[in-house]
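For reference, positions follow the sequence shown, starting with 1.
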Amino acid sequence: MFPDIFKSIFETEVSLQPADFLLCLLVSLAAGIFLAVISTYGARYTQSFVVTLALLPPIVCTVILLVNGSIGAGVAVAGAFNLVRFRSVPGSAQEICAIFLAMGTGLTAGMGYLSYAVLFSLILGTGSLLFTHFGFGIPRHPERNKILHITIPENLDYTQVFDEPLETYTSRHEIRSVKTTAMGSLYKLTWQITLRNPAEEKNFIDALRCRNGNLEIVLSRQETGSCEL
């Protein structure tokens with residue numbers, strides 16, 4: 001009797017019944033709300049994203065139900081809808097994972113495997129919650145990772161002039177970009193660095209100022225987007 005709960009409810013059905021449709025919709029909506037609540041823990045979020053995450057499973061579930069369980073057609077239609085919305089919107093890897101998790105839940109519920117849909121969302125949702133709670137994957141000493149922007153005059157050779165302070169105050173440094181500005185009279189250099197000691201940040205900047213003609217220097221936290229995916 002127990003294994004029967006993991007069977008599709010459509011195995012013996014000839015056509016979609018209103019009661020089955022409502023049951024699949026409610027289960028996928030409950031799973032979507034659960035995943036939406038999980039996604040708000042320890043992360044930045046917007047109301048529109050949370051609402052979208054809660055409604056995505058029942059939407060995908062409905063698409064699968066209306067194409068009579070054809071996985072190929074359902075995934076193609078649901079995928080096209082999601083690409084229209086998300087293809088040009090920047091998002092973190094965690095947000096993309098949450099979207100695919102919601103789609104997977106809706107797909108499972110749409111095929112009639114309601115118990116698997118609940119189990120899938122519970123296990124992966126709880127896993128995501130535990131990973132976030134225990135800081136799984138967080139880099140060590142994130143406060144040391146910085147992005148350094150230095151403006152220099154065009155007649156200054158930047159290839160070696162900053163080597164001494166970079167070697168002294170950073171444990172790792174990598175130049176990421178060089179571009180000209182102000183009609184070519186200035187260069188803007190960008191490094192990705194890891195400070196040896198964050199307490200010496202001011203001394204580091206002062207050492208750089210002595211070499212770039214006291215032009216603009218910006219030391220900021222490492223952009224999250226550069227580390228995503």
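- Under the 4.5 Å side-chain heavy-atom criterion for Ile, Leu, Val, Met, Phe, Trp and Tyr, I147 and L215 are members of distinct hydrophobic clusters.
- The minimum heavy-atom distance between A54 and L29, with the atom names listed, is O-CD1, 3.9 Å.
- Counting all heavy atoms, side chain and backbone alike, A31 lies closest to S121 at CB-OG, 3.8 Å.
- The two residues G110 and L65 make their nearest non-hydrogen contact at O-CD2, 3.3 Å.
- For the residue pair P57 and L53, the shortest heavy atom distance occurs at CD-O, 3.1 Å.
- Looking at L208 and N212, their side chains never come closer than 4.5 Å, going by heavy atoms from C-beta outward.
- Here OG1 of T194 is found 10.0 Å from CD of E174. Values are rounded to the nearest 0.5 Å.
- Taking the six-membered ring where the residue is Trp, H133 and Y41 present tilted rings, their angle falling between 30° and 60°.
- Distance check: R211 CZ to L166 CG gives 9.5 Å after rounding to the nearest 0.5 Å.
- No chain of hydrophobic side-chain contacts below 4.5 Å, direct or via other Ile, Leu, Val, Met, Phe, Trp or Tyr residues, connects L26 to F34.
- With rounding to the nearest 0.5 angstrom, the CD1 atom of I152 is 12.5 Å from the NZ atom of K188.
- With rounding to the nearest 0.5 Å, the separation of CG in L148 from CG in L195 is 9.0 Å.
- Side-chain atoms of T126 do not come within 3.5 Å of backbone N or O of I123 as any donor-acceptor pair.
- A continuous path of ILVMFWY side-chain contacts below 4.5 Å connects Y187 to V161, so both sit in one hydrophobic cluster.
- For the pair W191 and F162, the minimum side-chain heavy-atom distance is below 4.5 Å.
- Scored by the ring-ring contact (aromatic ring centres under 6.0 Å, His included) test, Y169 finds F204 as partners (sequence neighbours excluded).
- Summarising the geometry of R144 relative to P198, their closest heavy-atom pair is CG-CG, 3.7 Å, with the distance given to 0.1 Å.
- Cluster membership check: L114 shares its hydrophobic cluster with L124, using side-chain heavy-atom separations under 4.5 Å among Ile, Leu, Val, Met, Phe, Trp and Tyr.
- Judged as a salt bridge (charged side-chain N to carboxylate O under 4.0 Å, His left out), the pairs with a partner in residues 189-202 (not counting sequence neighbours) are, in order, K146-E201, K202-D206.
- A single hydrophobic cluster is seen to contain both V60 and Y116, as judged by linkage of ILVMFWY side chains at heavy-atom distances under 4.5 Å, directly or through other members.
- Among L189, I217, V218, the one residue that satisfies the side chain to side chain contact (heavy atoms under 4.5 Å, CB included) test with H149 is V218.
- Rounding to the nearest 0.5 Å places OG1 of T105 at 10.5 Å from CG of L119.
- Across every non-hydrogen atom of A117 and A109, the tightest pair is CB-N, 3.8 Å.
- Here CG of L35 is found 11.0 Å from OG1 of T40. Values are rounded to the nearest 0.5 Å.
- A 4.5 Å side-chain heavy-atom check between I99 and M103 finds at least one atom pair inside the cut-off.
- The 12-atom threshold is not exceeded at CD of Q47, counting heavy atoms of other residues, nucleotides or ligands nearer than 6.0 Å.
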